[in-house]
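Numbers here are sequence positions counted from 1. Both counts, for ligands and for their atoms, begin at 1 and track the order of listing.
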Amino acid sequence: MIPTVDNILQNKYLDKDQIKLLLSLDNTEAETLFHKAHEVKNFHVGRKVYFRGLIEYSNICTKNCFYCGIRMDNSRYQRYVLSDDEVLEAARFANDNNFASIVIQAGERSSKDFTLTIENLLKRIHTETDGKLHVTLSLGEQTEETYKRWYDSGAHRYLLRIEVSNPGLYARLHPGDSRHTHKARLKALSLLRKTGYQVGSGVMIGLPFQTISDLAEDLCFFRDLDIDMVGMGPYIEHEDTPLYAFRDMIPSVTDRVNLSVKMVSILRIIMPDINIAATTALQALDPKGREKAIFAGANVIMPNLTPVKYRDNYLLYENKPNVKDQPDETKIALEKNIQAAGDEIGYGEWGDSRHYKRREAKSEKRNFL
Ligand code: 5AD
Ligand code: SF4
């Protein structure tokens with residue numbers, strides 16, 4: 001007999017096979033799953049959604065991931081770096097609008113100059129906003145020293161997606177050189193944890209060659225790593241990338257959206273107190289994508305604060321939404337999305353992951369003993 005959603009969710013610990021069953025639910029059964037996740041979210045993290053203003057600092061990248069539009073070998077985009085003033089203006093907008101938190105994201109670079117520029121920017125943001133604005137970085141794999149320098153300059157959260165947790169699949173999606181290894185990515189995640197960051201990771205959903213078993217494994221990976229935050233969204237093809245040749249292998253738009261919302265809801269159930277983002281990629285495939293994810297368990301949204309003139313050059317994937325919207329328009333649209341899902345916005349709150357706080361409290365206790 002095939003177990004029902006309720007049967008499966010009665011288990012305190014969902015194993016990989018049970019997660020696979022949940023990921024394979026049809027649309028009607030998936031609704032039950034989404035409602036369960038909704039209840040879990042209400043109970044553990046409440047009905048608040050936190051804003052993280054996203055600043056796409058630079059599209060210069062030294063890597064060549066097969067799926068990404070801003071990979072180094074793509075010459076279609078003009079490469080840019082925001083000026084310090086542009087970053088500070090975006091940070092001020094976030095602060096003035098009570099976002100309480102920003103994310104600085106860029107392609108991966110590791111020169112000394114780059115490390116220092118970020119360090120100085122972090123210090124300036126801290127001074128100019130009286131330490132009120134929390135800064136999350138998403139700047140790829142770096143050395144322990146760099147992570148530490150940035151941490152000491154005021155960044156306390158870091159996002160580094162594992163992209164896919166299966167090393168074999170990772171190898172198919174990246175060049176086979178020493179700059180793109182799954183092992184290095186895992187090492188970077190552990191260095192981030194060691195440095196003291198709240199660590200976020202994530203995966204893409206609906207990639208060529210990816211199976212339901214891989215996705216179930218991804219969710220188990222987040223749990224095993226005891227991760228604090230997750231951002232995961234559908235893979236979206238980009239014609240200037242090598243992976244575009246395999247576009248016939250990917251699930252339909254509807255299936256990728258449904259699969260992504262199922263991933264969010266299962267994650268909320270197995271890791272009830274972490275922060276989960278409703279990603280822009282989901283919105284790119286479905287105008288209601290973000291609302292669906294918020295209902296089914298997500299509690300973080302990242303409004304884009306990058307100056308509009310640069311946005312056409314930060315297209316990781318096709319049909320990226322809201323590229324022409326000014327930050328205040330984005331804010332209004334997102335407020336509507338969140339209200340439509342029945343939640344409220346955690347204005348002025350840092351919205352640290354409760355999971356992180358709980359873990360920290362546990363380790364403090366351990367230190368005392
Ligand atoms: N589709 C969806 N997400 C993508 N990313 C990169 N390329 C794509 C794509 N084609 C995601 C990766 C990366 C993040 C910044 O954007 O997961 O970590
Ligand atoms: Fe660079 Fe990140 Fe794109 Fe890979 S996914 S090419 S590291 S920006």
Side-chain angles (χ1 to χ4, degrees), residues 52 54-77 79-81 103-110 114 136-142 158-165 169-175 177-182 184-185 188-189 192 199-210 215 218 221-222 227 229-247 249-251 253 256-257 259-260 263 277-286 289 302 304 306 310-311 313-321:
R52 317 275 185 237
L54 175 65
I55 302 173
E56 292 158 336
Y57 174 61
S58 169
N59 65 352
I60 301 175
C61 187
T62 52
K63 285 189 147 176
N64 258 318
C65 307
F66 290 158
Y67 42 83
C68 178
I70 64 166
R71 62 201 302 275
M72 185 172 69
D73 286 355
N74 184 11
S75 53
R76 190 168 111 190
Y77 297 132
R79 300 291 163 167
Y80 73 83
V81 182
V103 179
I104 300 179
Q105 186 175 69
E108 192 172 307
R109 265 194 291 166
S110 48
F114 183 71
T136 304
L137 296 179
S138 178
L139 303 171
E141 293 164 42
Q142 304 288 343
Y158 204 104
L159 305 175
L160 184 75
R161 287 186 172 186
I162 189 69
E163 312 297 1
V164 291
S165 64
L169 180 57
Y170 192 93
R172 293 182 90 163
L173 303 172
H174 298 91
D177 57 37
S178 60
R179 302 229 337 100
H180 298 81
T181 71
H182 193 252
R185 205 121 184 117
L189 282 168
L192 287 165
V199 184
S201 195
V203 291
M204 284 174 287
I205 299 159
L207 287 153
F209 321 114
Q210 191 180 42
L215 291 170
D218 289 342
F221 171 84
F222 298 138
I227 208 84
M229 320 176 274
V230 171
M232 54 186 175
Y235 160 70
I236 304 174
E237 62 276 33
H238 189 301
E239 67 174 338
D240 298 326
T241 63
L243 211 59
Y244 195 68
F246 301 95
R247 63 192 176 282
M249 291 176 63
I250 60 179
V253 167
R256 266 178 288 161
V257 170
L259 209 47
S260 302
M263 288 283 283
T279 55
T280 313
L282 193 50
Q283 188 74 7
L285 290 190
D286 179 347
M302 292 158 68
N304 196 342
T306 313
Y310 297 108
R311 301 228 191 129
N313 289 311
Y314 203 91
L315 300 181
L316 304 165
Y317 44 79
E318 289 174 357
N319 301 321
K320 196 169 160 201

Asks: Could you tell me whether the side chain of P234 reaches within less than 4.5 Å of the side chain of L259, counting heavy atoms only?
Replies: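 No; the side chains remain at least 4.5 Å from each other.
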
Asks: Can you tell me which portion of H238 lies within the under-4.0 Å heavy-atom range of ligand 1? Options are side chain, backbone, both, or neither.
Replies: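 No part of H238 is near ligand 1 at this cut-off.
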
Asks: For ligand 1, indicate whether the residue A281 contacts it via side chain, backbone, both or neither (heavy-atom separation under 4.0 Å).
Replies: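 Under 4.0 Å from ligand 1, A281 contributes no heavy atoms.
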
Asks: Using distance alone, determine whether E237 and ligand 1 share an N or O pair under 3.5 Å.
Replies: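 N/O-N/O distance under 3.5 Å: no.
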
Asks: Between T241 and F66, is there a side-chain heavy-atom distance shorter than 4.5 Å?
Replies: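 Answer no - side chains too far apart.
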
Asks: Can you tell me the protein heavy atom closest to atom 16 (O) of ligand 1 and the distance?
Replies: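 Answer, as residue, atom name and distance: L316 CD1, 3.5 Å.
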
Asks: Could you establish whether M204 and ligand 1 come within less than 4.0 Å of each other, counting only heavy atoms on the residue side?
Replies: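 Per 4.0 Å heavy-atom rule, M204 contacts ligand 1.
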
Asks: Would R311 and E56 pass as an ion pair if we require N to O under 4.0 Å?
Replies: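 No, no charged N to carboxylate O under 4.0 Å.
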
Asks: Could you identify the single nearest non-hydrogen protein atom to atom 18 (O) of ligand 1 and state the distance to 0.1 Å?
Replies: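 Looking at atom 18 (O) of ligand 1, the protein heavy atom closest to it is E163 OE2, 2.6 Å.
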
Asks: How about T62 and R179: does a side-chain donor come under 3.5 Å of a side-chain acceptor?
Replies: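 Yes, because at least one side-chain N or O of T62 sits under 3.5 Å from a partner of the opposite role on R179.
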
Asks: Under a 4.0 Å threshold between the charged nitrogen and the carboxylate oxygen, would E237 count as salt-bridged to R247?
Replies: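 E237 and R247: not salt-bridged.
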
Asks: Between Y170 and R185, what is the shortest heavy-atom contact and its length?
Replies: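 Residues Y170 and R185, closest heavy atoms: OH-CD, 3.2 Å.
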
Asks: Among all protein heavy atoms, pick out the one at the shortest distance from atom 10 (N) of ligand 1; state its residue, atom name and that distance to 0.1 Å.
Replies: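 Minimum-distance protein heavy atom for atom 10 (N) of ligand 1 reads I236 O, 2.7 Å.
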
Asks: If you have a sec, work out which protein heavy atom is nearest atom 1 (Fe) of ligand 2 and how many Å separate them, to one decimal?
Replies: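 Of the protein heavy atoms, C61 SG, 2.2 Å lies nearest.
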
Asks: Mind checking whether V81 and Y57 have side chains closer than 4.5 Å, heavy atoms only?
Replies: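 Yes, at least one pair of side-chain atoms sits under 4.5 Å.
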
Asks: For Y235, counting its heavy atoms only, list the atoms of ligand 1 lying under 4.0 Å from any of them.
Replies: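 Within the 4.0 Å cut-off of Y235, ligand 1 contributes 1 (N), 2 (C), 9 (C), 10 (N).
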
Asks: Should M204 and Y317 count as side-chain neighbours, where that means a heavy-atom distance under 4.5 Å?
Replies: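 No - every pair of side-chain heavy atoms lies 4.5 Å or more apart.
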
Asks: Evaluate I205 against D218 for side-chain contact (heavy atoms from CB on, under 4.5 Å), listing each step before the verdict.
Replies: CA-CA 10 Å; I205 299 159; D218 289 342; over 6 Å; no

Asks: If you have a sec, work out which protein heavy atom is nearest atom 6 (C) of ligand 1 and how many Å separate them, to one decimal?
Replies: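 Atom 6 (C) of ligand 1 sits closest to the protein heavy atom Y67 CD1, 3.7 Å.
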
Asks: One residue to check: P234. Relative to ligand 1, which of side chain, backbone, both or neither has a non-hydrogen atom less than 4.0 Å away?
Replies: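 Backbone only; the side chain of P234 stays clear of ligand 1.
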
Asks: Using 2.8 Å as the threshold, say whether any N, O or S atom from C65 sits that close to atom 4 (Fe) of ligand 2.
Replies: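 True for C65.
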
Asks: Should you measure from each heavy atom of K63, which atoms of ligand 2 turn up under 4.0 Å away?
Replies: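 So the atoms of ligand 2 that pass are 6 (S), 7 (S).
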
Asks: In terms of residue, atom name and distance, what is the protein heavy atom nearest to atom 3 (Fe) of ligand 2?
Replies: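 For this ligand atom, the closest protein heavy atom is C68 SG, 2.3 Å.
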
Asks: Out of all atoms in ligand 2, which are within 4.0 Å of some heavy atom of I70? Include the element for each.
Replies: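 Atoms satisfying the 4.0 Å criterion: 8 (S).
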
Asks: Do F114 and L139 come close enough that some side-chain heavy atom pair is under 4.5 Å?
Replies: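 F114 vs L139: side chains touch.
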
Asks: Tell me: protein heavy atom nearest atom 11 (C) of ligand 1, and distance?
Replies: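 In this structure, atom 11 (C) of ligand 1 has R161 NH1, 3.6 Å as its nearest protein heavy atom.
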
